[in-house]
Each structure stands twice: as C-alpha cells, then as structure tokens.
Amino acid sequence: MATELTDQHSSELLKGTLQLIILKLLSDNASMYGYEITQRVRELSEDTIMLTEGSLYPTLHRLVADGLLKTETVQMGKRIRKYYSLTRQGKKSVTSKVEEFTSFVRTMSLVLNIKPNLLG
Amino acid sequence: MITDEHIAYISKDLHYRGIVEEQVQNEMLDHLCELVDTNMKNGQRFIEAYESALTSLGYSDGLLQTQSLIIKSENPNPLTMLQNYITVAWRNLNKHKAYSLINVFGLAVGLAACLIIGLYIYEEFQYDRYNDKAGRIYRVEAHAKLGANQFDMTYRSAAEAHDLQLSYPEIETTVRFRQMGSYLVKTAEGNENIKESNVIWSDSTFFKVFSIPVLEGNARTALAEPQGVAISKRIADKYYPGKSALGETIILDNVRYGKVTAVYENIPSTSHFHFDIIIGVVGDWPISREALRSDYLTENFITYLLLRSGADASALEAKLPEFVKQHVGPALASAIGGDFTFDKFLAQGNQYRVSLRPLLDIHLHSNLKGEFESNGSITYLYVLGAVGLVILLIACINFVNLSTARSSTRAKEVGIRKAMGSLRVHLIRQFLTESLIVSTAGFMGALLLAWLFLPLFNNLAQRNLSLPWSNAMFMPFISVSAICVGVMAGLYPAFVLSAFKPAKVLKGERVPTTSISAFRSALVVGQLALSVLFTIGAAAITQQLRYIQQKNLGFDKDQVIIVHDTYALRPNNVKPFKEEVLKLAGITTGTVSGYVPVEIENAGRNNSTFWEEGKGPTDEHIVSFQQWSGDDDYIRTFGMQIVAGRDFSRDLKSDDRSVIVNEAAVQQFGMKDPIGRRIYEFDVSARGQEREAPYTIIGVIKDFHFTTMRETIMPLGIFPGETDGSVSFRFQSGDPKDLTSRIEQVWKKLAPGQPFNFSFLDADYANMYEAENKLARIFTIFSALAIFIACLGLFALASLTAQQRTREIGIRKALGATVQSILLLLIKDFGKLVLIAFALSAPIAHYAVSQWLSSYAYKTGIGLSLYLTVGGIISLITLFAVLFQSVRAATASPVASLRNE
C-alpha cells in the first residue's frame with residue numbers, strides 16, 4: 001500500500017525509503033507542500049515512483065510528530081496550503097540518513113554481487 | 001481554472017465523505033484542488049477532473065483510510081483513544097451517580113445470584129466424575145409390573161452379577177452392594193458404641209471399579225479377606241487416632257469382629273454414595289452367605305457393571321430381556337405356579353425388565369427404590385438455571401432501559417459530538433465503553449456479594465460451595481462474561497443513541513422516542529411478568545407446604561418421641577425400657593415397633609401381597625400391602641382412629657393371627673363388611689404349596705399418611721407383634737428437653753455404652769418435605785431478588801420519566817391540574833404495564849403450578865385468591881417504586897420547573 005509503482009520497483013523495497021526521499025527533497029528545496037512533493041518525486045524518478053496520498057501524508061505527519069519537520073500554513077484564497085520544511089534536527093538527520101542509506105546500498109551490492117552504475 | 005465554487009463544492013463533498021479532521025480536510029482539499037486544477041488545464045471539465053482526482057485518492061474509503069492513518073501517525077500511542085473513551089465514560093457515569101449506582105448494584109445482585117446458582121449447577125454436574133472409568137460403569141436396574149403394582153428398583157438378586165459376567169464377555173467385572181442400614185461401631189479397646197450410617201457390604205472388586213485411592217492396605221485383596229473391612233480416612237482418624245488402623249479390630253453391632261484391611265481416601269462429596277465402612281461379602285457372615293445364593297427373585301443386592309473399553313452398553317442392554325427370561329423366568333414360574341410361561345406373563349400386561357444406567361446419570365436422573373442417598377434432580381437444576389438466567393435478564397433489562405431512557409438527555413450530547421466530527425463508530429465505542437465500565441463494576445460487586453452470601457446459600461442448600469479462585473478458568477471466565485454482558489447490554493443503547501441525526505436533535509426537534517419507549521415498555525412488562533411468575537410459584541409452593549403441614553394426617557404427629565435403634569437393648573431389655581420410661585411423669589403411652597408413620601432412615605417398610613379367603617391368588621384378587629407390626633399400644637400411641645372393629649387386646653397372643661387394616665385395604669379387597677374376614681399372605685418362598693394360616697381382620701383404622709403426599713395412601717395392615725427397631729412414646733406438653741434427658745437416663749441404665757438416638761415425630765414428618773422446603777426457600781429468595789432488581793429499575797425509570805416530563809407537569813399545574821391528577825397521570829402508565837405483565841404471566845404460572853402440583857396425590861387448591869394476592873402485592877411494590885419520584889415531580893412548584901427548563 002505504501003507506494004504505488006510501476007512494475008520496476010516493488011513497494012516493499014521503497015517502504016523504508018519514503019522518509020528519506022521526503023527529507024532529501026526538503027533539504028534541496030526550502031519548503032514544499034504535499035502535492036508538490038508527489039509531482040517532484042514523479043519527475044525525479046522519471047515517472048517510476050508515484051507516491052500515493054495514503055502514504056505521503058501519514059509519513060509527513062509522522063515526521064512532524066517526530067520533530068524532523070515543521071509546518072507553515074498559508075491562506076490561498078478559499079483554501080489553506082500547508083508547507084513542510086526541515087527543522088534544525090531534521091537538517092542534521094538528512095546527512096546522516098543519506099550516508100546510512102548509501103552505505104546500505106553499497107553493502108547490498110557487495111552481498112548481491114551487482115554493480116549499480118549510479119554509485120560509481 | 002478552478003473557481004471558488006469548485007473549491008466550496010469539494011470542501012462540502014469531503015465533509016460528506018467523512019473527512020472531518022480539520023487539518024486533514026484542509027490538506028486533502030488543497031491536494032484535490034491542485035489535482036483538479038491540473039486536470040482542468042489538460043482540458044477536462046470540472047466534474048471529470050474531480051472524478052479522476054477522487055479516483056487517484058481512492059474515493060471515500062481511501063480518504064477515510066488516509067485520515068485515520070494520519071491521526072494514528074500523529075498519536076503513536078494506541079491507548080490514547082481508549083483513555084479518552086474511559087475518561088468521558090467515567091465523567092458521564094459520575095454525572096448521573098444515582099442511575100449509575102442503580103445500574104451497577106442491580107447488575108451486581110443479579111450476577112451474584114447467577115454466579116451462586118452457576119456454582120451449584122456446576123457442582124451437581126461433577127457428581128461421580130472423579131471415577132476414571134466413569135464412562136464404563138453401569139448400574140443394573142429392574143422395572144417390574146405385577147398386576148397393578150409397579151416396582152422400579154436398584155435391588156437385584158445376588159447371583160445376577162455373576163451370571164451376567166459369565167454370559168456377556170463385554171463385562172469386565174462387577175461389584176455388588178448390600179445395604180443393612182446403620183451399624184453400632186466400636187474398637188477392641190473402646191466400650192462406647194457409636195452409630196455409623198454409611199456402612200455397606202460389598203465385593204472385593206469395589207476398588208477396581210471405583211477410583212477411590214487406598215491409603216493403606218492392598219486395594220485388590222482388602223475386601224477379599226474374610227472379615228476384611230475397609231474404612232475411610234475419616235473413620236480411621238475417628239476410631240484409631242494417632243496410629244495406623246491397618247490390622248486393628250473393628251466391632252460392628254457388638255457381635256461382628258472385623259479386621260481393618262484397608263484405609264481409603266474419604267469419598268468425594270460429589271459422589272452418589274459416601275461409604276465410610278465397607279465390609280467384604282466373604283467368609284461366614286450371614287450377608288456373605290446370602291451373597292453366594294444362586295436363586296433369583298431374592299433381590300437385595302445393588303449391582304454395578306464395569307464394561308470393557310469400547311463395549312456398547314445399549315447393545316448389551318438389548319440382550320438383557322433374553323437373560324431375564326432365562327434366569328428370572330423359572331423363578332417367577334415356581335413362585336406363581338400353574339401353567340406359567342414368561343411370554344404369557346408379559347402378555348397379561350405384566351413386566352419384568354432389566355436396564356443399565358450409566359454411572360454419570362445416577363445423581364441427576366435416578367430416583368428409584370434403593371438409592372444409596374437421595375439424589376439430585378435434573379428438573380430442579382433446569383428450574384434453578386432458568387431462575388438464574390431470568391434474574392440476569394432482569395438486571396440486563398434494567399441496564400438497557402436506563403440507558404435508553406436517558407436518550408433524550410444524551411441526544412444533545414450525541415448531536416454536538418457528531419457536529420464536532422465524531423463518527424457513529426466513535427459514539428458506539430463511547431457508549432460501549434460506558435456499559436463495559438458498568439458491567440465490570442457490576443461483576444466486581446457480584447464477586448463481593450457472592451463471597452458474602454455463599455455461606456448463607458450453603459446453609460440453605462446444604463452445600464459447601466466456594467468461589468473457585470484457584471481454578472485457572474475462573475477469572476478468565478468472569479472477565480469474558482463481564483465483557484459479554486457489557487457488550488450485550490450496551491449494544492442496543494449504543495446503536496439507538498448513535499443513530500440520532502445531529503441537525504435534528506440540535507434544532508431541538510424531539511427525538512423519535514415512541515419506538516424506543518415502546519421497546520422500553522416491552523422490557524418492563526417482561527421484567528414484571530417474570531417477577532409475577534416467580535412470585536406465584538413461590539406462593540404456590542408455600543401454600544402446598546402449609547397444606548401438607550396442616551392436613552389431617554390420620555394420626556397425631558405432635559408430642560411423640562421416637563427412640564431409635566432399640567435393638568441395642570437386646571435381648572432382654574426392650575420391654576423393661578418401655579416399662580421404665582412409662583413410669584416417667586408426662587409420658588402417656590408407648591409402643592415397641594420399628595414401623596413409624598413417617599419416612600425416616602430405618603423406618604420399617606415391608607411390602608407383601610395378600611388375598612382374601614375364598615378368592616384365590618389371581619391377579620385381580622391379590623392386594624399389595626404394607627405389612628407392619630405393632631403392639632396393643634401402637635394405635636393409641638400414634639393417635640390413629642379405629643373406624644370399625646377393635647384394637648388388639650392386651651394379651652397379644654390371643655390375637656396372634658389377627659390384623660388391623662386401613663380403609664384403603666378394605667376398598668382394595670372390595671369388602672363390604674370387613675370385620676371377621678380372613679386373608680392369606682402370598683408367599684413367594686412357599687412356592688405356592690403349603691400355606692400359613694390366614695389372618696382375621698379384627699379392626700379397621702382410618703387411612704393415615706405414612707408416605708409423602710405425593711403418593712396415595714396404599715393398603716396397610718398392622719399385625720400383632722413387637723419389632724425393636726424403635727420405641728415410641730406419646731408425652732403430655734412439657735419441656736421436651738427435660739423429657740429426653742430423663743429418657744436418656746433410663747437408656748443409659750439399660751443399654752450402657754450404646755448410643756442414644758431419638759427424634760420427634762413432627763420433626764421427622766417435616767423432614768420428609770425437606771426438598772420442598774428447600775425449593776420454597778430458594779424460590780422465595782430468588783423471586784424476592786428478581787422483584788427487587790426489577791423495582792430498582794422501575795424506580796430509576798420512573799424518576800427519569802418524571803424528570804423528562806418536568807415541563808409538561810409544570811404547564812399542567814400552571815393550568816390548574818391538581819397534584820392528585822398529575823400523580824394519577826404518572827402512575828397510570830406504569831399501572832398499565834403491571835396489568836399487561838400480570839395478564840401475560842398468570843396463565844404460564846398457572847400451567848407451571850398445576851404441573852408441579854400434579855405430582856402430589858394430595859394437594860391444595862390454588863384459587864383465584866392466590867393470583868389476586870400476588871397481583872396486589874406486585875402492584876403495591878411497583879406503586880411504591882414509582883410513587884416516590886412521582887410525588888416529588890407532582891408537588892414541585894411549576895414556577896421553578898418552568899424557569900429551569
């Protein structure tokens with residue numbers, strides 16, 4: 001249920017990475033709102049990762065509850081838009097989480113004996 | 001481009017789809033708007049754009065799931081919600097303390113009653129289950145019909161057990177019992193005899209069939225040794241304290257010297273027998289010789305079979321008619337004589353059938369002649385179980401009624417909660433939490449009450465029940481029950497209340513209460529009807545018991561003392577004892593006779609068959625007869641009435657072959673003028689050849705009740721003679737305690753070292769109806785409980801009704817209604833319910849009561865007055881329950897009530 005994908009990636013594989021994706025996106029862009037995040041992920045993944053609202057929003061709220069994200073609401077005419085951005089704590093954790101993930105992927109490639117070209 | 005109208009539309013639609021959490025709603029709205037905007041830019045119309053946006057979000061289901069995931073991810077602790085439910089529930093219950101207390105208390109009382117009854121029933125079903133081989137043990141029972149007489153008994157011929165085992169290989173072994181009543185017991189050193197009632201003669205296979213652990217001695221051989229006696233631990237501790245009883249001498253009735261060969265664990269209380277002393281039927285004692293007899297129709301032994309594993313009992317039972325024909329048939333032929341054949345015997349409508357009863361059926365299903373102890377009754381358990389369930393039902397009805405009665409006050413709460421975004425499921429959970437709290441509190445109260453009142457119940461039911469805390473299943477069972485009761489009682493209110501439409505209730509529109517109050521009325525009627533049913537039952541039983549106590553019995557049960565076991569005075573002191581006691585002041589007459597006109601242990605009962613001289617012993621002329629013996633003081637001592645002829649003369653010898661019969665006998669014989677007629681005894685052992693001299697009827701006594709009122713008075717004859725089973729004395733009024741101590745002094749002089757046992761005839765008479773008394777007491781208590789709980793509910797309901805009608809009452813009063821007219825208005829509704837309840841339950845009660853009474857040959861007439869009395873009492877009690885609050889409401893100042901509303 002977590003992430004709707006094309007048949008290239010299994011949802012199992014992406015479940016744990018959703019938080020990382022969000023954190024990384026927000027560290028590259030000062031603040032984003034929900035719809036914007038889904039669109040950006042889609043662009044970056046070349047249409048292979050389609051986040052569903054059912055997994056995106058609970059994860060966002062979870063990160064807020066954990067103190068990694070903060071929110072800011074802006075009145076847009078008849079509707080209210082909620083922007084998410086990293087807290088200080090969130091900023092700190094992005095670097096370590098990206099490193100953690102990179103080393104995990106490296107280990108996995110060693111174990112599985114594959115050479116993903118994006119890691120050089 | 002998306003417009004403001006579109007946004008408003010989406011916002012409304014989201015709310016309609018149940019997205020009510022403000023944060024979630026805003027975020028979804030923004031998200032959907034973006035999607036729709038994009039779609040519209042791609043050329044779709046708004047409605048299409050919105051439709052495809054919804055598709056990607058999964059419509060209502062997907063949206064609601066997202067909402068709940070968001071709420072959950074913000075509150076990682078799942079107990080938060082539960083905590084909230086409990087807090088709110090507690091506040092609600094606290095706000096209406098009186099109702100909550102009534103709810104909890106009513107439930108606790110009902111549950112406690114149910115729990116106690118449950119424990120009792122559970123124990124009844126545990127009987128004989130301690131036996132490992134319980135499923136393979138069967139008792140042999142006989143059903144004989146000879147002429148007009150039906151015999152259903154456990155007594156079998158001595159040889160039958162052995163012959164059965166020889167004939168049918170599926171029988172692994174057999175065990176026989178021979179009851180000889182109580183014994184006087186002492187040890188070799190002791191000189192005081194103590195009376196022991198639980199003494200039995202049995203085969204050496206006893207310990208093989210029944211799982212009674214043997215503590216000392218060899219279970220296999222203990223009862224196979226001549227003079228071998230096995231005793232229970234209780235007896236061992238009593239007679240041989242501080243030492244091993246094994247090998248000790250045990251003296252029975254002063255003459256039989258037995259040797260203790262085994263000490264066994266006390267037989268569990270849940271057993272259909274409780275033998276303390278088991279004497280082996282081997283060696284040279286009279287019973288042992290009787291056990292070796294090979295003839296049939298001398299039926300004194302109670303036989304149990306242990307079947308092999310896998311044997312089919314019903315298949316075995318099907319073979320038994322052939323067995324009976326082969327073994328009992330010849331014995332019957334020689335007894336009846338003539339051209340007897342078994343087939344002809346059956347064809348004449350007679351019967352001789354042997355059946356097998358599973359061990360586990362004995363306690364609850366069997367009530368034959370020759371039971372070891374009086375058994376339980378499954379009917380009684382059904383009644384008791386129904387009573388327990390009904391009380392629980394009444395308590396639950398209270399709960400439902402009180403919850404729905406508060407619906408109009410709670411309707412606003414429901415409205416506000418819904419408007420604030422509560423879903424129906426939240427409200428249902430909220431209400432269920434409330435009812436679970438009440439039911440949990442009720443169960444805890446019930447445990448407390450049960451613990452408090454168990455001793456009282458034990459006293460009443462002569463049991464030794466306790467709350468089985470140590471049973472691992474008990475607390476889980478109680479908890480699960482608490483949840484079940486809470487959910488079941490809370491379900492209806494929860495669904496009704498949560499269904500209110502917020503817009504309606506908040507606008508002040510009346511809640512659609514008619515259907516709810518109709519349901520409530522139906523429940524109240526149900527409660528009252530059940531209460532009426534119980535009360536009529538209790539009243540009818542009480543009335544029948546009073547009838548039994550007051551009925552003219554045909555003898556005078558008051559002021560007669562019976563001294564039991566006077567055979568201890570043998571051989572020479574029986575008569576002197578009577579003479580000595582008669583010299584005491586206050587004693588008027590005395591009689592030496594084992595036959596007393598009440599059913600007590602050791603009361604002589606002896607059935608024989610007679611026919612009138614000149615008629616011959618054929619079916620239509622033989623009369624089955626109680627054959628009693630008494631001396632010339634017998635009739636005077638018991639206060640029976642001679643209606644024709646005379647009593648025995650002082651010199652019994654001259655009346656040697658005479659008899660005094662009762663009216664029933666005269667009628668059965670069909671005699672017009674009985675005095676001087678002569679009757680013959682039909683003697684099986686005489687084999688129809690030599691006959692003893694006939695008896696001449698010299699007197700007729702008025703029928704008197706010598707068994708319970710369940711049975712019609714059967715023919716009876718008193719024959720001259722003295723049997724030393726007991727000596728009875730009639731005494732003048734005075735202190736019975738002083739009297740018994742003076743008689744005891746005489747006894748001690750004449751029977752040193754023998755136990756002095758006595759009873760009063762009226763008390764013995766009352767004891768015959770112990771079961772009925774128990775039933776009456778239990779019924780009275782539980783019907784009182786049922787009424788109490790029902791009234792508790794009514795009281796609360798009435799006060800709620802009065803409270804809800806405050807404004808109406810205020811307006812009525814302002815317009816000039818009197819207090820009386822308002823009272824009438826309030827009470828009328830409940831009066832109607834009482835009437836309906838009464839009309840419903842009276843016919844059922846009538847049917848049940850007449851069913852119960854039909855088991856009595858002599859019964860009281862249950863007239864209209866009983867129903868009217870019960871109706872009156874119930875109306876009065878409910879009136880009081882309703883009146884209290886109604887008076888308060890009716891007398892309240894209308895100014896105050898109208899201002900407050």
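Just so it is clear: chains get the letters A, B, ... in the order the sequence lines come, proteins before strands, and each one is counted from 1.
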Those residues of residues 27-36 of chain B, ordered by number, that approach chain A below 4.5 Å (heavy atom to heavy atom): B/E27, B/M28, B/L29, B/D30, B/H31, B/C33, B/E34, B/L35
Side chain / backbone / both / neither for B/I7 at chain A, heavy atoms under 4.5 Å: side chain
Should we say atom [atom1] of [X] is surrounded by more than 12 heavy atoms from elsewhere, each under 6.0 Å from it?
| X | atom1 | answer |
| --- | --- | --- |
| A/F104 | CZ | no |
| A/E72 | CD | no |
| B/F477 | CZ | no |

I need the [X] [atom1] to [Y] [atom2] distance, nearest 0.5 Å.
| X | Y | atom1 | atom2 | result |
| --- | --- | --- | --- | --- |
| A/T71 | B/Q23 | OG1 | CD | 7.0 Å |
| A/Q75 | B/N26 | CD | CG | 8.5 Å |
| B/E5 | A/K78 | CD | NZ | 8.5 Å |

Nearest non-hydrogen partners of B/L69 and A/P58, listed with the distance: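 Answer, listing the atom of B/L69 first, then A/P58: CB-CG, 3.4 Å.
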Minimum heavy-atom distance between B/I2 and A/R79, given as atom pair plus value: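 So the two residues come closest at CG2-NH2, 4.0 Å.
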Under 4.5 Å from a heavy atom of chain B, the part of A/T38 involved: side chain
Partner set under ring-ring contact (aromatic ring centres under 6.0 Å, His included) for A/Y83, not counting sequence neighbours: A/Y33
